[in-house]
Amino acid sequence: MILSCNPNMDKVSSDCPYPGCFFCVMKEGNPSKRRASILKFFRELPAQDDDGQVLPISGLWNTAMAHPNDPEFIELGIFECMAALIWKGLKNRRWLSHDQNIYIPYYAAHIIGSYTMNMEEFAESAVHAGVIPPLVELLRGRLTWVEQRVAVRALGHLATYAGTFPAVASHGEILELSIQLAMSSLEIVYSHFYQYVDRRLSYHCDLLTRGMGGVEMESRKAEEWASQLQCWSLQLINCFAFKPEFLPTICKPEFLTKLPGMWGGLVNENSPAGIGLLRTICHHKLGRGPVASCPGIIESLCNIARSSDDWQYMTIDCLLWLLQDPSTCHKVIDKAVPALVDLAEITTLGDHKKLGDSIVNVLEECVQSQGTGRNSFSNRTKELIEELLNSRQRLKWEKNMPKEDLHIKQAAALVVKLEGNSLFSSGNISGAASKYSEALALCPMRSKKERVVLYSNRAQCHLLLQQPLAAISDATRALCLHNPLNRHAKSLWRRAQAYDMLGLAKESLLDAILFINECSQSNDPDLSLRQNKVPDYAERLVKKQMRAAWLFREAAIKHGGVHCEGDAGDIYGRETDDSEWETASESDIGNDGRDEMGNDDDDDEDDDDSEWKNDGDSKWKNDDDSKWKNDDERKEKFDKSSMKDLKHGYNVQLAEDEP
């Protein structure tokens with residue numbers, strides 16, 4: 001992109017008031033003269049104090065973004081020029097505050113990052129030009145968080161390449177600074193920009209919105225940039241984590257325990273963030289020990305492994321590597337096995353083929369190693385693994401069974417399931433759960449569609465019995481069996497509720513969002529969104545979890561933006577504007593926000609949900625929806641959630657064949 005100092009200038013003009021104008025130089029028709037003039041411009045620019053310097057720098061920024069692989073400017077000294085401009089801004093505050101020069105260090109660091117993100121030879125040129133020391137000074141926070149963001153981006157690109165990583169690593173403070181920045185970035189952006197609208201630096205606002213937005217746009221972009229600041233810091237740390245000598249610095253408990261919570265938010269969902277770094281750490285033996293010594297990390301890995309997180313496969317990798325390592329297996333096995341058993345029927349997840357088989361093989365090795373005395377684990381863990389191995393053996397037996405016998409088993413399972421549905425409709429939830437378990441024992445292993453329904457039905461029973469962990473387990477098993485993977489709408493919704501009961505906002509949010517997506521694409525009239533509107537109950541849960549999982553939540557609590565849980569609906573400001581969810585209204589959902597969803601996997605139409613729709617039934621009569629109007633009044637994780645909460649809008653109700 002070539003900008004002109006005069007919008008009406010179509011060719012080089014002698015009328016240009018700026019001798020040596022960069023934009024006029026770019027229009028030079030003679031290639032050799034043009035290169036000589038650009039070379040001269042890059043050499044002389046840092047020494048000049050003329051007004052208007054930000055214009056050619058912003059033009060170079062546009063060019064670097066649009067053509068990052070073009071070698072012309074690299075050969076002519078752009079890196080030396082940008083490094084000198086950053087140093088000038090750091091050392092000469094009078095110049096920095098003059099005209100619009102405050103923008104120049106930001107643009108200069110951004111240009112360095114853009115030209116080094118794809119080409120290793122460009123990165124090597126940048127290192128030789130001396131860009132690392134001024135970038136490190138920006139990383140220290142010598143200016144503001146805005147410059148820190150582009151500095152860590154550029155350093156992250158330089159650290160990616162084998163040829164330039166040693167130059168980055170030779171500055172020992174980079175790793176420590178990146179760790180500190182990853183932990184504090186959200187608080188920095190919140191307290192230095194987001195919290196006080198009237199104190200925002202004008203050039204920050206201009207950079208965030210490109211001069212096109214108001215306060216709301218600034219706030220939304222600030223959240224996005226804060227996430228990038230954290231994720232790019234983690235990316236830089238990740239480059240160090242591949243080298244064993246840096247793992248002792250990285251694997252400090254105070255940092256490791258925070259990694260599962262560093263997820264990028266909905267504004268930066270393409271970054272593996274903390275989970276990606278944990279995977280790199282767990283890939284090396286020196287990293288697995290410190291991770292295994294933090295029980296909270298293992299619990300978080302298990303939760304993410306059983307969620308709709310895009311990086312689910314990374315957490316499964318971590319758990320499997322920890323189990324395969326004799327020095328860490330005994331520390332994690334009791335926590336990891338329940339989650340992995342639930343995931344054992346996954347076929348393909350991303351690039352992972354036959355992932356379920358890999359899980360089974362690792363767990364089988366664990367049992368064998370216990371026999372040799374290398375590992376010890378609880379009886380419950382042993383039972384879970386044995387049940388899994390028995391189910392695999394059962395699958396082999398069924399392959400040799402006559403089809404008639406399989407049909408008999410399937411018919412028997414159906415009869416028992418219908419008995420469970422009847423018990424469920426009459427309010428005998430425990431009895432229904434037992435019947436669904438009995439039906440699962442009868443149902444052929446290869447009847448995946450039927451088993452999806454049974455697991456999902458039993459998950460609903462566990463919800464009503466206030467057993468969220470069991471509900472997560474069964475909903476996960478249903479989602480692993482479903483084709484496509486993780487796309488069974490009712491199980492997504494049930495697991496979203498279960499995670500909500502445990503206070504795990506991010507996992508609940510991701511499942512709830514995916515549930516809405518599945519509903520919008522469903523051909524089932526009971527599942528599909530009425531007139532493309534978000535179901536009322538799903539809208540409420542998503543809003544609640546977006547508040548609870550808000551990137552700035554901890555920072556806002558620390559700095560007085562949130563005084564208590566009950567304030568959550570009032571303090572999130574512009575970034576949680578409800579407009580994107582205001583597609584459904586109370587009137588769209590009948591019966592006080594309740595929504596009936598039809599069966600999705602069975603053809604039986606014998607059952608109905610009249611027991612659940614009968615408000616006159618004294619057992620279920622309670623249609624007050626006040627708890628939904630202030631979800632955050634529930635201060636305990638799932639303190640005494642009533643049947644009404646799980647029945648009215650807070651669950652997917654029994655319809656025809658499924659609860």
Side-chain angles (χ1 to χ4, degrees), residues 304-317 339-361 388 391-392 394-396 398-399 401 403 406-407 409-411 413-414 417 436 439-460 471-496 498 507 510-529 597-604 652 655-659:
I304 297 170
R306 295 185 291 187
S307 78
S308 299
D309 196 299
D310 289 339
W311 313 110
Q312 176 188 16
Y313 74 91
M314 289 189 172
T315 61
I316 296 174
D317 284 344
L340 291 173
V341 167
D342 292 340
L343 299 162
E345 294 198 77
I346 290 179
T347 51
T348 299
L349 182 63
D351 294 331
H352 288 52
K353 309 297 182 183
K354 297 184 178 180
L355 181 57
D357 291 342
S358 299
I359 292 173
V360 173
N361 292 338
L388 174 61
S391 69
R392 285 300 176 108
R394 177 179 154 194
L395 179 60
K396 294 179 181 178
E398 288 178 355
K399 288 181 179 179
M401 288 180 66
K403 288 186 177 180
L406 289 175
H407 290 157
K409 287 172 64 70
Q410 191 166 352
L414 174 61
K417 184 190 74 171
Y436 295 138
L440 281 165
L442 291 168
C443 189
M445 295 293 292
R446 297 177 68 179
S447 300
K448 291 186 177 182
K449 190 175 179 181
E450 289 76 11
R451 292 173 64 221
V452 167
V453 175
L454 290 168
Y455 277 123
S456 192
N457 285 5
R458 196 170 68 177
Q460 178 69 345
I472 290 167
S473 174
D474 277 348
T476 300
R477 295 186 184 204
L479 288 161
C480 290
L481 285 167
H482 190 259
N483 186 20
L485 178 72
N486 288 336
R487 292 297 185 269
H488 186 244
K490 293 183 180 181
S491 297
L492 285 168
W493 181 243
R494 287 159 184 170
R495 194 169 66 180
E507 287 78 7
L510 294 176
D511 278 347
I513 290 174
L514 196 54
F515 163 74
I516 290 171
N517 291 342
E518 288 305 304
C519 288
S520 66
Q521 299 169 19
S522 174
N523 294 323
D524 187 328
D526 292 315
L527 277 172
S528 60
L529 306 185
M597 295 174 60
N599 76 318
D600 59 337
D601 288 286
D602 289 312
D603 297 321
D604 312 289
V652 175
E656 296 183 352
D657 195 58
E658 274 199 86

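Values in this document were obtained by computation on a predicted structure and should not be read as measured data.
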request  = State, yes or no, whether a side-chain contact exists between Leu481 and Lys449 at a heavy-atom distance under 4.5 Å.
outcome  = no
ask   = Taking all non-hydrogen atoms of both residues, which atom of Ser307 and which atom of Asp511 are closest, and how far apart?
value = C-OD1, 4.2 Å
key: Flag if over 12 foreign heavy atoms under 6.0 Å of CZ, Arg446   = no
message = Run Leu414 and Glu450 through side-chain contact (heavy atoms from CB on, under 4.5 Å) and show every step you take.
response = CA-CA 9 Å; Leu414 174 61; Glu450 289 76 11; over 6 Å; no
ask   = Salt bridge or not for Arg392 and Asp357, using N-O below 4.0 Å?
value = yes
ask   = Shortest non-hydrogen contact from Phe515 to Ala489?
value = CD1-O, 3.2 Å
task = List the steps, then state whether side chain to side chain donor-acceptor pair (under 3.5 Å) holds for Asp342 with Ser473.
result = CA-CA 6 Å; Asp342 292 340; Ser473 174; 2.7 Å; yes
ask   = With a 4.5 Å heavy-atom cut-off, do Leu343 and Gln312 have their side chains touching?
value = yes
ask   = Do Asp317 and Tyr313 pass the side-chain contact (heavy atoms from CB on, under 4.5 Å) test, and can you show the C-alpha distance, the side-chain angles, and the key distance before you say yes or no?
value = CA-CA 6 Å; Asp317 284 344; Tyr313 74 91; 4.0 Å; yes
key: Minimum heavy-atom distance between Val341 and Arg477, given as atom pair plus value   = CG1-NH2, 3.4 Å
inquiry  = If we ignore hydrogens and angles and just use 3.5 Å, is the side chain of Arg495 paired with the main-chain N or O of Arg306 as donor and acceptor?
reply    = yes
key: Check: Val453 main-chain N/O paired with Ser456 side-chain donor or acceptor under 3.5 Å   = no
Spatial distance of atom NZ (Lys354) from atom CG (Asn361) [nearest 0.5 Å] = 10.5 Å
request  = Determine whether Leu388 and Val360 make a side-chain contact, defined as any pair of heavy atoms from C-beta on separated by less than 4.5 Å.
outcome  = yes
key: Lys448/Glu345 salt bridge by N-O under 4.0 Å criterion   = no
message = Contact between Asn517 and Leu514 at the side-chain level, heavy atoms closer than 4.5 Å - yes or no?
response = yes
Asn486 and Ser308: side chain donor to acceptor below 3.5 Å = no
query = At what distance, to the nearest 0.5 angstrom, does CD1 of Ile316 lie from CD1 of Ile304?
reply = 11.5 Å
message = Treating Gln410 as the side-chain partner and Ser447 as the backbone partner, does any N or O pair qualify as donor plus acceptor under 3.5 Å?
response = no
message = Pair Ile472, Glu507 - check side-chain contact (heavy atoms from CB on, under 4.5 Å), show working.
response = CA-CA 11 Å; Ile472 290 167; Glu507 287 78 7; over 6 Å; no
note = Of all heavy-atom pairs linking Ala512 and Trp493, the shortest is CB-CZ3, 4.2 Å
ask   = Can you check whether Ala441's main-chain N or O pairs, donor with acceptor, with Arg394's side chain at less than 3.5 Å?
value = yes
ask   = Which is it for Glu518 and His488 under the side-chain contact (heavy atoms from CB on, under 4.5 Å) test, yes or no, and what are the steps along the way?
value = CA-CA 8 Å; Glu518 288 305 304; His488 186 244; over 6 Å; no
remark   = In short, Ala471 meets Ala498 closest at the heavy-atom pair CB-CB, 3.9 Å
task = Drop me the distance from Ile346's CD1 to Leu355's CG, to the nearest 0.5 angstrom.
result = 5.5 Å
inquiry  = Which heavy atom of Leu479 sits nearest to which heavy atom of Ser491, and what is that distance?
reply    = CG-CB, 3.8 Å
